[in-house]
Amino acid sequence: MFAVNNSEQDPWVGDDMQSGSLVSSVSGQSRSELDNFAAEQSGGKQASNPLAHPLGNGPTKTPGVLRTGEAALMRNGQAVLPMEKAFSIQIGWRLFRLSGASIMSDAPSYFSTYFDEQLRLEERGSGPMKTLFIDRDPDTFADICRHLQGYWVIPRDNAHYVKLYADAQFYSLPRLISLLFDSEICVAIGGQQFQIPRDTFSGPGNSSNFFSLGFAGFLGTRDDAFPGLESKGLMRPPPVQPQSVPNRSPKVFADLIHLSRGYPLTIRDAHHRAELLSDCKYYGFKGLMHKIFVHSISYNADRGTSEIVMRLEDLHKSGISFIGDASPSDQSPLGGWVNYSRPFVDEQSYECVVEIGNQETKIDFRSMRADFYGDTKARISSLFQVVADKMNLPSNLPLGLMMSSGGASAAPVSPANTPLSEDRVKIRIGPEAHVILDGENHTMDDGNLDLQHNFDPSSPASSSSTLQTPSIASPWLNSSSNTLTPTNSRPPPTKKRKRRGSLDDFGEWIVKKGQWRLRVQPRTEPNPRSMTNGDSGMEIILVAVKLNAVSGQRGRNMTRDYIS
């Protein structure tokens, strides 16, 4: 910054930018405004002004131009320049002339401090007022002039934003700095400009995101504009790169903006959904991500409960809960169902129906258990462990393994490492399950159902008094051991079912896609693995809702397509 001698002071009062620069005249103010200003200086009551906004460090009225010859007025302890006097500022190759009113509209600043000192030197006879010279961009300063004159300045794009921000910090303009921190976020996504209101992603799960965290490190704070640098000693501010994300799609980002504002969004296909989820993870929009996940919420009138269908890979541990069966106040529930609520989205939990695909599930009808493979096995194990944690069940891992290097995370992935299952998970396929086998509807015959060694948890009766009071007689209850085992008193079916084959014919099924409810119940038989480590006495059973399966390798080959 340099000061240039200016031997002749133009008597005209106002803002004058030569060579095509902005010119604005300054009008006189009414007597009432002058009285308001005088009252403000003396601490008296001031007339109300609906256009008032904060100046400097305290609330004052909208600045005006006052015709007064006093050169040393005070406002809130700060020197006030003469309102009508013109001050010359040369920014780069353009000359600007600003009135004291404009300079004091955003003060204290570098300009108010500099010209206050110049006035003091002039009063002492040290020479005429000097022109302030600053080697900065005059086009950016033209917008700052409009701000000082009372116009609302909005950043046009991300490059314009950082120029205004850097110069506002450099000139120490507190009100402009505050406006920029509260203004819309200007960012270029894939080369396309976006202006995002700061409250667009302020909802639950979205508040700490790529932009809020990025701007904190990108522009610092109001008190620390350039982290790591001392602003007062800078000859000029450091270069600030405009915020941009060149490697993401602007179309996908526009869809996320549309959804975040509360509008319904039509997801065109699975590819479009995958793009939305990918960018939600990139930008940290967790709340939007859980809205976009595939789901279905409905009320099951037969079961008397609301239920949600979610894919296994989309479940989040914070949304999982265990809801015990309704029981008398003096008894604890003997079992219950796993429920789910989408984090940051749902206000209530629903009975969870988990959809498992990828052909990584194999059913063995001889033992009525399911084997899982690959990522599905890891996800099932994690899900069971989360349910056990929600129920505060003790771990059944050996103490030596838990204390060894790596601890429980070093154990092989298996449902058997949880207190609720063995390596092969118990299942139930009841008559209410819809089964498609080898591309055709399949009805489970009564002989197959009789081999399932657990009660029918999908019926309303099984989740009420029959399960909670072992003393009540039940065709599925062995009164001598108080365990839930099948008996020979099963009522005959109401109608004859068509029999499509026996267990010996099918033996094992490969499930292409299946939907299951998760039932937690007292263990009907001891867990050999947990006998030495302490048995929680509870187990999870997967209750089939809808299955699309093939009967072994032959059935899988039947569904193969030739590659083209």
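As the structure is a computational prediction, the values presented were derived from the model and not from experiment.
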inquiry  = side-chain contact (heavy atoms from CB on, under 4.5 Å) for Thr200 and Ile185? Distances and angles first, verdict last.
reply    = CA-CA 10 Å; Thr200 299; Ile185 296 174; over 6 Å; no

message = Checking the side chain of Ser178 only, and the main-chain atoms of Arg175 only, is there a donor and an acceptor separated by less than 3.5 Å?
response = no

Heavy-atom closest pair, residues Phe87 and Ser99 = CD1-C, 4.2 Å

ask   = With sequence neighbours excluded, what pairs up with Leu315 under the side-chain contact (heavy atoms from CB on, under 4.5 Å) test?
value = Met310, Leu312, Tyr340, Cys352, Val354, Leu383

query = How are the rings of Tyr283 and Phe253 set to each other: parallel, tilted or perpendicular (split at 30° and 60°)?
reply = perpendicular

ask   = Which word best sums up how the rings of His290 and Phe344 line up, parallel for under 30°, tilted for 30 to 60°, or perpendicular for over 60°?
value = tilted

task = Sorted by first residue and then second, give each salt bridge (Lys or Arg N to Asp or Glu O under 4.0 Å) pair with at least one member in residues 306-318; sequence neighbours left out.
result = Glu307-Arg517, Arg311-Glu313, Arg311-Asp314

ask   = Are the side chain of Ser278 and the backbone of Glu275 linked by a donor-acceptor contact shorter than 3.5 Å?
value = no

Gap separating the CD1 atom of Ile154 from the CG atom of Leu180, nearest 0.5 angstrom = 11.5 Å

key: Minimum heavy-atom distance between His160 and Pro155, given as atom pair plus value   = ND1-CA, 3.5 Å

request  = Quick one: pull up CG in Leu132 and NZ in Lys130 and give me the separation to the nearest 0.5 Å.
outcome  = 11.0 Å

message = Tell me the closest heavy-atom pair linking Thr418 and Ser381, and the distance in Å.
response = CG2-O, 3.5 Å

task = Check for a donor-acceptor pair, side chain of Ser172 on one end and backbone N or O of Tyr110 on the other, with a separation under 3.5 Å.
result = no

task = Examine distances only and state if a side-chain atom of Asp106 and a backbone atom of Leu176 form a donor-acceptor pair shorter than 3.5 Å.
result = yes

key: Where at least one partner belongs to residues 261-271, residue pairs that pass salt bridge (Lys or Arg N to Asp or Glu O under 4.0 Å), sequence neighbours excluded   = none

inquiry  = Would you say that Phe181 contacts Ile177 through its side chain, given a criterion of any heavy-atom pair below 4.5 Å between the two side chains?
reply    = yes

note = In this structure, CD1 of Ile91 is separated from OH of Tyr171 (nearest 0.5 Å) by 4.0 Å

inquiry  = Applying salt bridge (charged side-chain N to carboxylate O under 4.0 Å, His left out), can you list everything that pairs with Lys377, at least two apart in sequence or on another chain?
reply    = Asp423

Sequence neighbours excluded, every pair satisfying salt bridge (Lys or Arg N to Asp or Glu O under 4.0 Å) that has a member inside residues 156-173 = Arg136-Asp167, Asp143-Arg156

ask   = Residues in side-chain contact (heavy atoms from CB on, under 4.5 Å) with Asp139, at least two apart?
value = Arg94, Asp137

request  = Please answer whether the main-chain N or O of Ser298 pairs with a side-chain N or O of Tyr350 as donor and acceptor at a distance below 3.5 Å.
outcome  = no

ask   = Of the non-hydrogen atoms in Pro82 and Leu119, which two are nearest, and what is the gap between them?
value = CD-CD1, 3.4 Å

query = Closest heavy-atom contact between Phe133 and Gly92?
reply = CE1-O, 3.4 Å

ask   = Distance under 6.0 Å and angle within 45° of the ring axis: does Arg342 meet both against Phe293?
value = no

ask   = Between Phe96 and Phe141, does a ring-ring contact (aromatic ring centres under 6.0 Å, His included) hold up when you go through it step by step?
value = CA-CA 9 Å; Phe96 297 83; Phe141 190 75; 4.9 Å; yes

message = Using every non-hydrogen atom in the two residues, find where Gly319 and Pro343 come nearest and quote the distance to one decimal.
response = N-CG, 4.1 Å

message = Working to the nearest 0.5 angstrom, can you tell me the gap between Ser249 OG and Gln192 CD?
response = 9.0 Å

inquiry  = With a 3.5 Å distance limit and no angle check, can you tell me whether Glu355 reaches the backbone of Lys513 through a side-chain donor-acceptor pair?
reply    = no

ask   = Is Glu360 reaching over with its side chain to a backbone N or O of Gly374, donor-acceptor style, under 3.5 angstrom?
value = no

task = Given side-chain contact (heavy atoms from CB on, under 4.5 Å), test Ile292 with Met289 step by step and report yes or no.
result = CA-CA 5 Å; Ile292 298 172; Met289 182 174 63; 5.9 Å; no

